[in-house]
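What follows is a single structure, written as structure tokens, with notes after it.
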Amino acid sequence: MARKREGLRRVGLVLAIGGALSIGPGARAQDSGNRPGWSPPTWSRSSARYDRSLRPVSSSWAQPASATRMPLAPSPSPSSSTLPLGSPPAPASPAPASAAPLPPEAAPASDRPPVLGSVPPPGAIRSRTVLRDEISPIDLATALRLADVQNPDVLIARQRVVEAVAVRQLTVAQLLPSLNGGASYNTHAGVLQQSNGNMLSVNRSSVYVGAGSLAVAAGTVAIPGVFLTGNTAEALFRILISKQVVRQTQFASLAARNQAFLRTCVAYCDLLQAEGRRAIGEQIASDAEQVANITAQYARTGAGRPADANRAATEWARRRAEVRQFEGEMLMASARLCRTLNLDPSIRLHPTDAWVVPSPIVPDPIPLPELIALALLQRPEMGERKTVVREALLALHGARALPFSPTLWLGYSAGGYGGGSNLVRPIFGGFGGRQDFDAIAYWTLQNMGVGNAALINVAKAHLGVTKYEELAMLDHIRDEVAESYARTHARYQQILENEEAVRAGMKGFAEDLERIKEAAGLPIEVLNNLHLKAQAEFDYLASIVDYNKAQFELYVALGQPPAQYLSRPVPVEGFPASDAVPFRAGDAPRPPGDATGRMIRPEGPNAGVSVPLPGR
């Protein structure tokens, strides 16, 4: 028996040292020093709201707000008589009044199994947060404005529009002649053959100065001063195709802008979710600390089992480590948002939202077929595919017209010309004015017509490819709208279910916590309720954030239509052309908002957050 007791004392020493190392100084987060000051929202039917601890606080179909309202940061333990884990027991601290007293034959304290963390730490438990105090506040409206002017993908797409406009200007400029000016000097020494075959020994020279260059003997000026050449069909269809290329890049620019806005919204939602998970984690860690304090006090006084205290201490330590994990997720989410906005990733962005709320954008009464029709009319990707089909059709017409269109060669030169030879006098002189005009037209059958037939076949095949690509894009858009539509409805129902789960989890945890305070229940029961409550709160937060993401995805899948198109039936004849004017080079970026460019601000507690979305 003495050996067993000695062995237990040694094991107790090892556990006590391990507890001091694992939950000693630095293992406990500060209660309120590093917690963001989020104010608790309320939950309503029109827009479910969640406070910074992301707990449901009210519902028009559920309990009143006062029944479930919870603060942002975990509040201190309500029981002032409990001792923090790892603190020395108070010399005159009796067992709780409701706890069963120790029987007279209870074993001495030195013979009872040790409690993990019963060795007092050398100092107060300090925070191990990985977050810095320096933050840069940002809201969704600011993020979208930054994405509109700083996102590299948006800037690249807009620069391609500028490039396409410049190429079109160059194409149209091919209708204008080129101007050449210069001088030339030509000399010849030796024999020349006349047209009748007679050979002459001639030493001659000439000089030309003016519009054009390289005037030799009686021939025309080889380099005309005013020069224009080209095939008429190629020139005409190249201009028409360049116009379609400009429109294609404009639609592509709008599509890139929409996708950049979607990535920005998703990254912002991820940052909100990361901050919310940390707030929930801090509250859960505070709840775990309360359970650990109660079970440790019971174990020290002999009213509870040390195994229960150790289990609760483990849970508290795991929850503190979980908070550190959430802090890392906050930094990663901030870095991803910085990358989307082309900001320094070392900046820690902090959302200014006081609420994490569902943001309904697309009205629910609109049926799916109408949404698909709206998307096919509004999506810039469809406009881009249509312009590509037009380009291919124009290329086919150009290939068919090529054999019948002439190639023109026009040249005009004017300047001073003079010279001489050894056959006439003066040897060098006779300077005077000279003008030359040449007009040439010819028709070409490339490779005896086989080349033209091949060009036509290539153009036909390319036209078929573009039509199938348009069909594939149509299917892709319909699939995106259908998926986003289904996701929004599923996420909304998940919000309702998770709200009930959070409310039940909070109630169950509170009841079990009161039971162990009265020594009427088992600690493992309250820990199980703590797990269920934590998972329900995390699921509730995830369902709200996923719902918002699905709404953003649905709105982008519809092509970001103006608000009035979401409040009336889709017109059968389509939208007016002025409502779908793509981005043009030189235009100022249009701010996100409705058709008038007005920023849409949602009503309710989160009205301070400007969201570029149509009104409800």
Side-chain angles (χ1 to χ4, degrees), residues 136 138-164 246-274 332-345 347 349 351 353 359 361-362 375 378-385 387 473 476-477 480-481 483-484 487 545-546 548-563 580-595 597-600 609-614:
S136 296
I138 191 172
D139 60 6
L140 183 57
T142 303
L144 290 172
R145 292 192 186 99
L146 288 174
D148 199 27
V149 297
Q150 292 189 182
N151 184 269
D153 295 335
V154 175
L155 299 179
I156 290 173
R158 287 175 179 165
Q159 200 61 31
R160 284 175 178 164
V161 176
V162 177
E163 180 186 15
V246 172
R247 292 188 59 82
Q248 175 191 349
T249 56
Q250 290 172 346
F251 284 118
S253 176
L254 283 179
R257 181 173 178 262
N258 290 350
Q259 293 301 319
F261 283 174
L262 177 58
R263 291 194 299 271
T264 301
C265 292
V266 171
Y268 189 83
C269 289
D270 290 339
L271 181 59
L272 273 178
Q273 184 174 11
M332 290 186 289
S334 174
R336 286 193 296 268
L337 182 57
C338 286
R339 180 180 60 188
T340 304
L341 304 180
N342 194 24
L343 299 176
D344 183 3
I347 298 174
L349 299 178
D353 301 57
S359 302
I361 303 171
V362 180
Q378 284 291 120
R379 282 289 289 268
E381 290 86 348
M382 285 302 299
E384 181 184 2
R385 288 294 96 199
T387 56
M473 179 58 66
H476 176 71
I477 291 175
E480 278 190 350
V481 174
E483 285 188 3
S484 301
R487 192 177 298 114
V545 174
D546 289 343
N548 291 342
K549 290 181 181 180
Q551 283 286 333
F552 288 129
E553 291 171 357
L554 179 58
Y555 187 53
V556 171
L558 296 177
Q560 293 197 25
V581 176
F583 174 80
R584 292 187 291 269
D587 288 353
R590 288 180 289 180
D594 59 8
R598 176 176 58 86
M599 294 297 297
I600 304 300
V609 181
S610 301
V611 184
L613 304 173

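Heavy atoms only: backbone and side chains are in, while hydrogens, waters and symmetry mates are out.
- One distance of note links CZ of Arg257 with OG1 of Thr264; it measures 11.0 Å at 0.5 Å rounding.
- Put simply, the side chain of Leu337 does not reach to within 4.5 Å of the side chain of Leu343, judged on heavy atoms.
- Remark: Glu480 engages Arg379 in a salt bridge, criterion side-chain N to carboxylate O under 4.0 Å.
- Classification of Arg487 and Asp546 as a salt-bridged pair fails, no side-chain N sitting under 4.0 Å from a carboxylate O.
- Asn342 CG to Gln150 CD: the interatomic distance, rounded to the nearest 0.5 Å, is 6.0 Å.
- Looking at heavy atoms from C-beta onward, Ser334 lies out of side-chain contact with Ile347 at the 4.5 angstrom threshold.
- If you run salt bridge (charged side-chain N to carboxylate O under 4.0 Å, His left out) between Asp153 and each of Arg263, Arg160, Arg339, only Arg263 comes through.
- Looking at Ser484, its side chain never comes within 3.5 Å of a backbone N or O of Val481 through a donor-acceptor pair.
- Put simply, CG on Asn151 and CG on Leu146 are 10.5 Å apart, with the number rounded to the nearest 0.5 Å.
- Side chains of Leu558 and Gln378 form no contact here, defined as non-hydrogen atoms less than 4.5 Å apart.
- Distance check: Ser253 OG to Asn258 CG gives 9.5 Å after rounding to the nearest 0.5 Å.
- A donor-acceptor pair is defined here as one N or O able to donate and one able to accept, closer than 3.5 Å; such a pair exists between the side chain of Gln551 and the backbone of Ile361.
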